[in-house]
Structure formats: C-alpha cells, structure tokens
Amino acid sequence: MLKKAGKDIPTKSGTKTNPKSQKEVPGQMLDKASKEIPTTSGTKSQIMMHLEKMVEESDIMHGAIRSVDMDEGVFRIAHSELIAKEDMQQLFEHEELGIDVIHTYIWYMYDTLMRGTELCNRFNFIAASRINTTFITKNPTSIMNELVDRFMVAGDNTTPSLYFLPFNSGNGGHWVLVAMDLSRLMVYYLDSLPGNWSKYPSMKKTVDAAILKFRSKKNYRNRKDITWVRVQCPQQNNSIDCGFFVLRFMRDIIALNRIDIPKMRSDFLENQWELNLEVMELFGALLPAELSRNDAKLDNLNVWETNHVA
C-alpha cells in the first residue's frame with residue numbers, strides 16, 4: 001500500500017523565483033496568455049457546493065474512509081488508495097491537491113481511457129509517492145534503482161512511449177509533470193509556473209541516471225545524450241492549481257494519443273473537456289454508503305447520476 005501523500009509531502013504551492021537560466025531545447029508554444037485554460041479559482045460552482053454538502057452528510061466527516069483498489073496495470077504494483085475527509089476538502093475548499101487525489105484520478109484515466117487498448121503500451125505511470133524531492137534527498141541511489149525497476153517491467157521500450165511522473169517539489173509542494181521517452185532519450189518537462197528543470201537538479205540527475213542504467217541493463221546503445229525539453233504549457237494564474245494542471249496535461253496527452261509533446265501546439269485547448277467537473281464527479285461517486293471500504297470499483301461510479309445537480 002502506498003503511503004498517504006499528505007503525510008509525507010508538503011502540499012502548499014507557491015510562486016518560485018526564477019532560477020539561473022539553463023540552456024534548453026525550446027518547445028512549441030501550446031498556448032497564448034490570452035487563452036489560458038480556466039482554473040478552479042473564483043466562485044464555488046454548483047457541483048462543488050453539492051460535493052461539499054455530500055461530504056458533510058457522509059460518514060467521512062466522522063473518520064470513515066473509502067478504499068480505491070488499483071490493480072497492477074496502473075503503477076505496475078497493486079495497492080489501495082485511501083480517500084478521507086482531507087482529500088475531499090482539497091476539492092471543495094479549492095486547496096492544493098495531494099497525492100491521494102492525483103493517484104485516484106490517474107486510476108480513473110487508466111480505467112476509462114486506456115484499459116484493454118493499445119494505449120497501455122504507449123503510456124505508463126510512475127507513482128508520485130515513490131519518486132519525489134524528499135525521498136531523492138534522503139536516498140538518491142535507492143530512488144534511481146526504483147525508477148529502473150519500473151522501466152524494466154514495461155516491455156522492451158524500443159518503440160516510442162511515455163512514462164508520466166507527476167513530480168512534487170517537496171519545497172512548497174509544487175507539482176510538475178515529467179514525461180520520459182526511453183526509446184528516443186527524450187524527457188519532456190511540463191510546468192504551469194515559469195522556469196525549468198534547473199529548479200530541481202537532484203530530480204534531473206536521478207532521472208538521467210535511471211534512464212542510462214536501464215539502457216545499460218538492456219544492452220541498448222546510447223546513441224546520443226538525453227535531451228530535456230521545456231514544453232511551453234498553459235500557465236496557472238494562482239499558487240494553487242498546479243496539481244489540476246498536471247492532471248490536465250496527462251489527460252490531454254493520453255486522449256490525443258500523442259508521444260511527441262512539443263508538436264501538440266494548441267491541442268491542449270482544442271481538446272476541450274471539463275477536468276474539474278470530471279474530478280468532482282469521480283470523488284462524488286466515492287461518497288455514497290453503497291461503496292464499501294473494499295468495493296470502490298469504477299463499475300459503481302454511476303451512483304453519481306442520482307445525486308447530480310442539474
């Protein structure tokens with residue numbers, strides 16, 4: 001079972017100072033400032049207020065939990081994610097998202113978009129609770145080896161595919177997305193705040209070392225150096241929504257079935273979908289009493305329909 005994220009990693013996101021510039025491969029502009037993706041800021045939506053009311057009336061307010069069982073297909077390790085009162089509050093009080101919420105939505109994406117399709121061979125997830133700044137600082141070699149082990153269990157990686165790592169800074173709790181293409185030695189860095197990977201040198205060093213060690217174990221030739229690409233993403237307009245943006249980035253990339261991220265240009269915006277509403281509906285479906293602690297299965301998510309606010 002993965003550890004509860006909120007207990008190990010701080011979740012407060014804040015504006016960072018711009019680090020010293022570092023040479024990078026420029027990505028294509030995916031958005032213009034005037035077309036930013038809407039965030040969750042502002043007046044509470046009707047659906048958010050309804051979720052808040054449901055939580056207040058549920059046994060979760062009295063310490064109960066919901067257990068979301070995830071098979072090996074999601075993170076290549078079976079485990080249960082525990083959803084409690086504080087996870088629900090992150091949504092209806094518009095707080096920074098913790099790992100439990102991030103992981104549960106990843107499970108939802110896997111089950112609704114990928115399971116049983118060829119997308120399972122193109123997109124892979126790395127558990128955010130296993131790879132973060134806090135753990136890298138304590139034991140970088142162990143984390144590097146854990147990344148290598150994750151790479152080893154997913155085919156031969158000789159054809160283009162992406163490994164998604166939702167990475168938490170551990171320094172204010174900012175979320176970024178690191179997407180690794182092992183076959184082409186490409187690493188895409190998606191950040192909804194200004195700056196690049198130079199803000200997290202230990203993360204970059206660990207990722208690079210893991211990719212090279214993996215390729216060495218597989219006896220693959222390293223034809224070139226690892227290339228990091230700073231994708232110019234839509235930007236958040238507050239200090240809270242970084243977790244939502246990371247979910248948006250993964251969701252759009254998978255839905256569009258795109259591996260070459262910098263060529264997506266404005267596709268993040270052209271593929272319009274309401275992620276915030278989708279997250280609310282997902283967690284609202286976990287609330288009813290019919291979902292027992294060990295029966296929070298995706299098949300039961302239609303219970304939300306009886307509670308939906310028109």
Can you tell me how far the CG atom of Leu177 sits from the CD1 atom of Ile253, to the nearest 0.5 Å?
6.0 Å

Least distance between heavy atoms, Leu190 atom then Val231 atom:
CG-CB, 4.0 Å

Under the salt bridge (Lys or Arg N to Asp or Glu O under 4.0 Å) criterion, do Asp252 and Arg248 qualify, and how do the steps go?
CA-CA 6 Å; Asp252 273 355; Arg248 285 180 184 276; over 6 Å; no

Suppose we call two aromatic rings close when their centres sit under 6.0 Å apart. Are His103 and Phe75 close by that rule?
yes

Would you say the side chain of Asn139 lies within less than 4.5 Å of the side chain of Thr141, judging by non-hydrogen atoms?
yes

What is the distance from atom CG of Leu162 to atom CG of Leu119, rounded to the nearest 0.5 Å?
11.5 Å

Candidate pair Ile77 and Glu72, rule side chain to side chain contact (heavy atoms under 4.5 Å, CB included), full reasoning
CA-CA 4 Å; Ile77 179 172; Glu72 293 182 358; 5.8 Å; no

When rounded to the nearest 0.5 angstrom, what distance separates CD in Glu57 from NZ in Lys53?
3.5 Å

Over all atoms of both residues, closest heavy-atom pair of Ile65 and Ala84
CG2-CB, 4.1 Å

Salt bridge (Lys or Arg N to Asp or Glu O under 4.0 Å) between Asp71 and Arg115: does it pass, once the steps are laid out?
CA-CA 11 Å; Asp71 58 46; Arg115 187 184 298 279; 2.8 Å; yes

In Å, rounded to the nearest 0.5 Å, how long is the span from CD1 of Ile131 to CG of Asn168?
12.5 Å

Is the side chain of Asp241 donor-acceptor paired with the backbone N or O of Phe244 at a distance under 3.5 Å, no angle test?
no

In Å and rounded to the nearest 0.5 Å, what is the CE to CD distance from Met70 to Glu81?
4.5 Å

State, with a plain yes or no, whether a side-chain heavy atom of Tyr200 is found less than 4.5 Å away from one of Lys205.
no

Contact summary for Cys242 and Gly173, nearest pair of heavy atoms
SG-O, 4.3 Å

Out of curiosity, Leu282 CG to Met109 CE, how far, rounded to the nearest 0.5 Å?
10.5 Å

Can you confirm whether Pro166 sits close enough to Met250 that some side-chain heavy atom of one is under 4.5 Å from a side-chain heavy atom of the other?
yes

Would you mind reporting whether Tyr220 and Ser183 have side-chain heavy atoms less than 4.5 Å apart?
no

Non-hydrogen side-chain atoms of Asp225 and Leu185 separated by less than 4.5 Å:
no

Determine the minimum heavy-atom distance between Gln235 and Leu193, stating which atoms define it.
OE1-C, 3.2 Å

Any side-chain heavy atom of Phe283 sitting closer than 4.5 Å to one from Thr104?
yes

Pairing of Glu146 and Arg150 as salt bridge, 4.0 angstrom limit:
no

Nearest heavy atoms of Leu182 and Arg215, plus distance in Å:
O-NH1, 2.9 Å

Is the shortest side-chain heavy-atom distance between Ile211 and Phe214 below 4.5 Å?
no

So which heavy atom on Leu82 is nearest to which on Asp100, and how close?
O-CG, 3.8 Å

Measuring only between side-chain heavy atoms, which start at C-beta, is Leu165 closer than 4.5 Å to Phe125?
no

Any sub-3.5 Å donor-acceptor pair from Ser161's side-chain atoms to Arg122's backbone N or O?
no

Per the ring pair (Phe, Tyr, Trp, His ring centres under 6.0 Å) rule, which among Tyr110, Phe164, Tyr163 passes with Phe123?
Phe164

Is it true that Arg130 and Asp149 have a side-chain N and a carboxylate O under 4.0 angstrom from each other?
no

Trace of the side chain to side chain contact (heavy atoms under 4.5 Å, CB included) decision for Met180 with Ile126
CA-CA 11 Å; Met180 295 161 275; Ile126 297 172; 3.5 Å; yes

Quick one about Asp191 and His174 (side-chain donor to acceptor, distance below 3.5 Å, no hydrogens or angles considered), yes or no?
yes

Between the side chain of Ser216 and the main-chain N/O of Leu212, is any donor-acceptor distance below 3.5 Å?
no

Kindly indicate, with the supporting measurements, whether the criterion side chain to side chain contact (heavy atoms under 4.5 Å, CB included) is fulfilled by Asp181 and Val187.
CA-CA 6 Å; Asp181 182 344; Val187 179; over 6 Å; no

Would you tell me whether Trp228 and Asn196 have side-chain atoms, one donor and one acceptor, within less than 3.5 Å of each other?
no

Parallel, tilted or perpendicular for Phe249 and Phe245, by the 30°/60° rule?
perpendicular

Derivation and outcome, side chain to side chain contact (heavy atoms under 4.5 Å, CB included), residues Arg76 and Asn124:
CA-CA 9 Å; Arg76 292 300 187 267; Asn124 305 275; 3.9 Å; yes

Aromatic plane relationship, Trp197 with Tyr189 - under 30° parallel, 30 to 60° tilted, over 60° perpendicular
perpendicular

Salt bridge check: are Arg66 and Asp59 linked by an N-O gap of less than 4.0 Å?
yes

